[in-house]
There are 2 protein chains.
Amino acid sequence: MTQARAPRADAVRNRRKILGAASEQITAHGPEVGMDEIAAAAGVAVGTLYRHFPTKTDLVAAVVAEFVARVADDAQAALERVTAGTRALDELTAFLGRVVEASVTDRAVKAAAQALGAEPGDRDTEERASAAVAALIQAGQADGDIHPDVTVNDIYLLFSTAPTDQPPAARARWLTLVVPGLTTRARPVDI
Amino acid sequence: MTQARAPRADAVRNRRKILGAASEQITAHGPEVGMDEIAAAAGVAVGTLYRHFPTKTDLVAAVVAEFVARVADDAQAALERVTAGTRALDELTAFLGRVVEASVTDRAVKAAAQALGAEPGDRDTEERASAAVAALIQAGQADGDIHPDVTVNDIYLLFSTAPTDQPPAARARWLTLVVPGLTTRARPVDI
DNA sequence: ATCTATCCTGAACCGTGGTTCACCTTTGTG
DNA sequence: CACAAAGGTGAACCACGGTTCAGGATAGAT
């Protein structure tokens, strides 16, 4: 059990700068930005990126984790408002809308959404988001607004198919088209 | 007005082979297959590809056009069944489902769908597909099944957001979630 | 102050994949 | 059959982007 020495001060500082710059760049230009650009934005050399994150995938995953955390916060806030008396379906709809809108600016969120379905990410944060969304759904079902079949996975499914790269009007329209599927009035469809 | 000489026999033959192989390869592995692989599948050298299609984009566009034509046929067939007495909403739903399922195998269709919203492609074929879908929608609206607001663009919007890369169950569920948005029972949503 | 483990640097490496081009082959006309 | 013109060939070119590594700098312990 060799006790690992504490990381050096500049290493910690750089790690933060890198994470910040990566978040910024990926948010602005999507996950396809070059490592060079991220390094430049962080005021650091490429090699330093690779000291902290063995591969680009790891770096992106770290950034994505931050976004997931943000979404989790959002969901929890919505849940609290419901407990305070607002209508669950409305909160869920608004939540969906907000996340989709956020996906447009923060293109990494889109990747995060797909990551939610695929790779684990932060177990805790993911759990937190899922729990809040699940509670939101349950509340809506208790109100009789949301269809009893609806699960958290449905929300993720919709979220992962959001038309992020389409104009605002299309995104709004998409939400309009998609929400009724969660609603009590909807009926199942055979394929 | 210099009359262009007719193309040579082997040129015509190769063009067909290329288009066939490209269609096959893109269908199987998506538009990201290398030009080398397409050339190999066609039993032809890379240079020949470039003689017929100045750029990879052009080749893909040509393949996509074929798929659009296939979708147009499908839509027209559905329309004819409606004229023969089947319910328009059911046909539209089934059509959506079929196209989504086709997108899974024929990954190029997905690209085609997005191309429909973006690049023109074959004006005629696109018109043909749009006309058939529009007629389908109108029929459904006449039945009182489909919401009066629904347009062809909505179908394209949904189609372009289909979860092509998710398991069959998820795709089916997606259809279930999405169709109610087209239905009379749905209500609009504010963002 | 010294010394070493840790960390940083950035030019170079490498695989990938679209594209080109100098040279050869085939077609089909005179 | 000869001989242009059209077409085909495929090795080489190039841009791009992730990754590496030998050498230099720095923190922090002694």
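Each chain gets a letter, A, B and so on, in the order its sequence line appears, and its residues count up from 1.
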Rounded to whole angstroms, how far apart are CG on A:Asp10 and P on C:dC8?
5 Å

Classify the side-chain pair B:Ser130/B:Tyr156 by whether it contains a donor and acceptor separated by less than 3.5 Å.
yes

State, yes or no, whether a side-chain contact exists between B:Phe159 and B:Lys110 at a heavy-atom distance under 4.5 Å.
no

Decide, yes or no, whether a salt bridge links B:Asp165 with B:Arg107 under the criterion of side-chain N to carboxylate O below 4.0 Å.
no

Check B:Leu175 against B:Thr93 and note the closest heavy-atom contact, atom names and distance.
CD2-O, 4.2 Å

From the set D:dT19, D:dG7, D:dA27, return the single nucleotide nearest to any side-chain atom of B:Ala11.
D:dG7

With respect to the side chain of A:Ala45, which nucleotide from C:dG18, C:dG10, D:dT19 is positioned closest?
C:dG10

B:Arg8 CZ to C:dT26 C1': how many Å, rounded?
5 Å

N/O donor-acceptor pair, side chain A:Arg5 with base C:dT6, under 3.5 angstrom
no

Between P of D:dG17 and CD of A:Glu32, the distance in whole Å
10 Å

Regarding the side chain of A:Tyr50, the nearest nucleotide among D:dA27, D:dG18, C:dT19 is D:dG18

For the side chain of B:Met35, starting at C-beta, report the closest nucleotide among D:dG8, C:dT19, D:dT9.
C:dT19

D:dG7, D:dG10, C:dC7: which one has an atom nearest the side-chain heavy atoms of B:Arg51?
D:dG7

Nearest whole angstrom, please: distance from the P of D:dA6 to the CZ of B:Arg13.
18 Å

Whole-Å distance between C:dT16 C1' and B:Asp36 CG?
10 Å

Side chain of B:Val46, heavy atoms from C-beta onward: which of D:dG28, D:dA11, C:dT9 has the nearest atom to it?
D:dA11

Which residue, A:Pro54 or A:Glu37, contacts DNA chain D at a nucleotide closer to its 5' end, judged by nearest heavy atom?
A:Glu37

Side chain of B:Lys56 - closest among C:dT9, C:dT19, C:dC7:
C:dT19

